Amino acid sequence: MSTGMSPDDAPVTLAEAPARAMTMIEAINDALDTMLERDSDVVLLGQDIGYFGGVFRCTAGLQAKHGKTRVFDTPISECGIIGAAVGMCAYGLRPVPEIQFADYIYPGLDQLISEAARLRYRSAAEFIAPMTVRTPFGGGIFGGQTHSQSPEALFTHVAGLKTVVPSTPHDAKGLLIAAIEDNDPVIFFEPKRIYNGPFDGYYDRPTRPWKDHPDALVPEGYYSIPLGKARVVREGSALTILAYGTMVHVAEAVCREKGVDAEIIDLRTLVPLDIDAVENSVRKTGKCMVVHEATRTSGFGAELAALVQERCFYHLEAPIERVTGFDTPYPHSLEWAYFPGPIRVGEGIDKLLEA
Amino acid sequence: MPKQEGQAGANRPRLSLHVPEPQFRPGDTVDFSYLTIPEAGAQPRPDYTSAAFETWPLCTDMIRVLGDDDLAHGPWDPRLSPEKLRELLRQMALVRAFDARMYRAQRQGKTSFYLKCTGEEATSVCATQALDFEDMIFPSYRQQGCLIARDYPVLEMVNQIYSNRADKLKGRQLPILYSAKSVNFFTISGNLATQLPQASGFAMASAIRGDSKIAAAWVGEGSSAEGDFHSALIFAAVYNAPAIFNVVNNQWAISSFSGFAGAERTSFAARAIGYGIAGLRVDGNDALAVYAAERWAADRARSNNGPTLIEFFTYRGEGHSTSDDPAVYRSAQEREEWPLGDPITRLKAHLIAIGEWSEDQHEAMDRALDEEVKEAQREAEKNGILGHGLHHPFHTMFEDVFEELPWNLEEQGRQAIRERQIKWPE
């Protein structure tokens, strides 16, 4: 469509922008490339992200294109990676550190929790930490207990830190750009099981690639999706399913198979949470299921269930259902027994529908 | 369980765990003759562009300039003008006057906490004076001297200590955990050693940008045991970052002597050797040696010759803080017997020895400084003291968690205001 204006004056809408199908990896790479191009304050650092391009290839080609001082490898020291990023923020840069697996982040927790997340508050905004920590999380790739965890609840508990989880290539790019532009620290969890395709939980069936999925169409160039805005994956009236990351696709597949008219909300951002989207949907459907891959006890689902009962209690027609991973470490050989797959999700739905 | 006869390994010597114990406890006679204190002026001064290994003998030696004759000796003499020397003396004395008054203010119930740096004034004042103003300071909690050395207003410091309505940090931080971006002084954390990798990151950023600023961090010898210390030094070494790491070895970390940070095995400066960076061990009570070493490291960093680890060998003259009583774990004699003396007394003696100062001038200066601090304190008390209602408005408690107030903090803010109205209906 021609508007007759220059692109600078009137950018085309997202729907009109030229787009191509990408995997989530390509979409993340595209977001990083876009921001490295747009903002000279953006630097990428992390283990194996430079010449090699990252163990999941999210930074492939970026060092060659943007130079060694914008995209570079680091020592194997998560404390050092996040600590150095805090210092770069003090200088005025906008670092995007990568932690190779979310499971590896614990040595960096003090720097993230006590430092990055607290700089603005403790210095009355003299110093801020506009960094985005990218890290792959979640299981389903036979990573065993140290390459499969979903530790998001440890981070949603931290005052001053934002937590983002994309579920599609389209969202991954827009949310990552918004995270990088945000003036607060953001932890950006990339569900690695859906890096290459919208995994629906049926591990014994062939995995679909992203290219046939409508949300794999990623607009070219710059766009951002605001943090704190959920996405309605499908509208429905039978129940509300609150999910994020990989579990969005599992929930969608189960509803499709069972022919359930569920409303699926992809939260996209856990902190800040789109509470209006949650409330509106639950008030409409009267039933609510929260789904996550992380362990159950003190998981983010507990927070969601508490919020829903505080705010929608008199609209609820059934107890809130929680479908989660088990309270065990992620086992290697039995990872599909741990994973909240279609059977567990389906049972949760049945329970709510029968109630 | 002890090994039984007939069990494998029963004839091997028993292992024993070494738990470090300081030389002296309360009541012991203190004798520091086991410490090697080299002669002032005897240490070589390699060029600041030298290969790191050339500094390694200096990691176990001790750089000293001021001798027992109160004169400056050897190649590390920074040859400062008498004006500059008097400025260093004045700032160190101001720090001491400030500490005395704020300590008393805490005892009078005007604030919750205070922490002196008595005996360590040179390690912050003189080191900061050797840096450029644009260089970013990443302090630990005992570096009030860095602020004084950059002429940060004493009034602002007292406001922070009182958490009053004029406190620029809005009463959010424990007293003395300052933040002062206007003088390039990074916000102090209560978690120890976190500032070290941050200094590496700042230095890396400055280098990425082709800037000329460097970063200088301070840490106590006790918290140099943190993993952050290693992270910081490996990053600085790998990227040849323009950073200085000052380890203030004041011998005590609350009640734990330096042996619990590894001092029985080697010096703190000697850790530089393992990272392949420059290291200097310095008499931390010698104002001229401190200045000279920090300047050497700054020149080295600024000329792309990489980071330096400096150990300032000094002594914590007082308790850890107002919450601590050192009499229960160390001998009170230690401070009197400390073989490196007092940094203010030594610089004063030097200035007198070169005919640039007198006892009368010193007394007059001390009186003027005390008056200056007293005046700032009076001024600060107009803005309130801790717990007397003159704090920042309630809603500020919810600000700056994020750049924008999210819905949950908005709701909780309303709750806080409701609680306040119930407690004080008027």
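Letters A, B, ... are given to chains in the order of the sequence lines, protein chains preceding strands, and every chain is numbered from 1. Computed from a predicted structure; not experimentally measured.
- Of all heavy-atom pairs spanning Arg122(A) and Thr187(B), the tightest one is NE-OG1, 2.5 Å.
- Taking chain A as the reference chain and counting heavy-atom pairs below 4.5 Å, the highest number among Lys170(B), Met136(B), Met397(B) is found for Met397(B).
- If you measure heavy-atom distances from Leu93(A) to chain B, the contacts under 4.5 Å come from the side chain alone.
- In this structure, Ala90(A) and Phe186(B) approach most closely via the heavy-atom pair CB-CE1, 3.6 Å.
- Of residues 36-50 of chain A, those residues lying under 4.5 Å from chain B by any heavy-atom pair are Ser40(A), Asp41(A), Val43(A).
- Below 4.5 Å, heavy atoms of chain B meet heavy atoms from Leu307(A), Arg311(A), all part of residues 298-313 of chain A.
- With a 4.5 Å cut-off on non-hydrogen atoms, Tyr239(B) touches chain A through its side chain but not through its backbone.
- With a threshold of 4.5 angstrom between heavy atoms, Phe229(B) does not approach chain A through any atom at all.
- Per-residue heavy-atom pair counts under 4.5 Å with chain A were compared for Gly190(B), Ala180(B), Pro406(B), Ser189(B), and the maximum is reached by Ser189(B).
- Shown here is Glu410(B), whose CD atom has more than 12 heavy atoms of other residues, nucleotides or ligands within 6.0 Å.
- Within a 6.0 Å radius of NZ in Lys68(A), other residues, nucleotides and ligands contribute 12 heavy atoms or fewer.
- No side-chain heavy atom of Asp110(A) sits under 4.5 Å from any side-chain heavy atom of Glu226(B).
- Without hydrogens or angle criteria, Glu115(A) side chain to Thr194(B) main chain gives no donor-acceptor distance under 3.5 Å.
- Looking at Ala85(A), neither its backbone nor its side chain comes within 4.5 Å of chain B, counting heavy atoms on both sides.
- From Asp211(B), atom CG reaches atom OH of Tyr91(A) across 3.0 Å, with rounding to the nearest 0.5 Å.
- Ala125(A) approaches Asp400(B) most closely through the heavy-atom pair CB-OD1, 3.8 Å.
- Heavy-atom distances place the side chain of Gln173(B), and not its backbone, under 4.5 Å from chain A.
- Looking at Ile188(B), only its backbone comes within 4.5 Å of chain A, counting heavy atoms on both sides.
- Here Asp184(A) is the residue among Ile128(A), Asp184(A), Thr69(A) with the most heavy-atom pairs under 4.5 Å with chain B.
- Proximity to chain B among residues 72-81 of chain A is limited to Phe72(A), Asp73(A), Thr74(A), Pro75(A), Ser77(A), Cys79(A), Gly80(A), Ile81(A), judged by heavy-atom separations below 4.5 angstrom.
- Listed by first and then second residue, the ring-ring contact (aromatic ring centres under 6.0 Å, His included) pairs involving residues 392-418 of chain B amount to none (not counting sequence neighbours).
- For Arg172(B) (side chain) and Tyr121(A) (main-chain N/O), a donor-acceptor pair under 3.5 Å exists by modelled atom type.
- Only the side chain of Val238(B) comes within contact range of chain A, with at least one heavy atom under 4.5 Å from a heavy atom of that chain.
- One N or O on the side chain of Glu126(A) and one on the backbone of Lys181(B) form a donor-acceptor pair closer than 3.5 Å.
- The CD atom of Glu404(B) sits 9.0 Å away from atom CG of Asn183(A), with the distance rounded to the nearest 0.5 Å.
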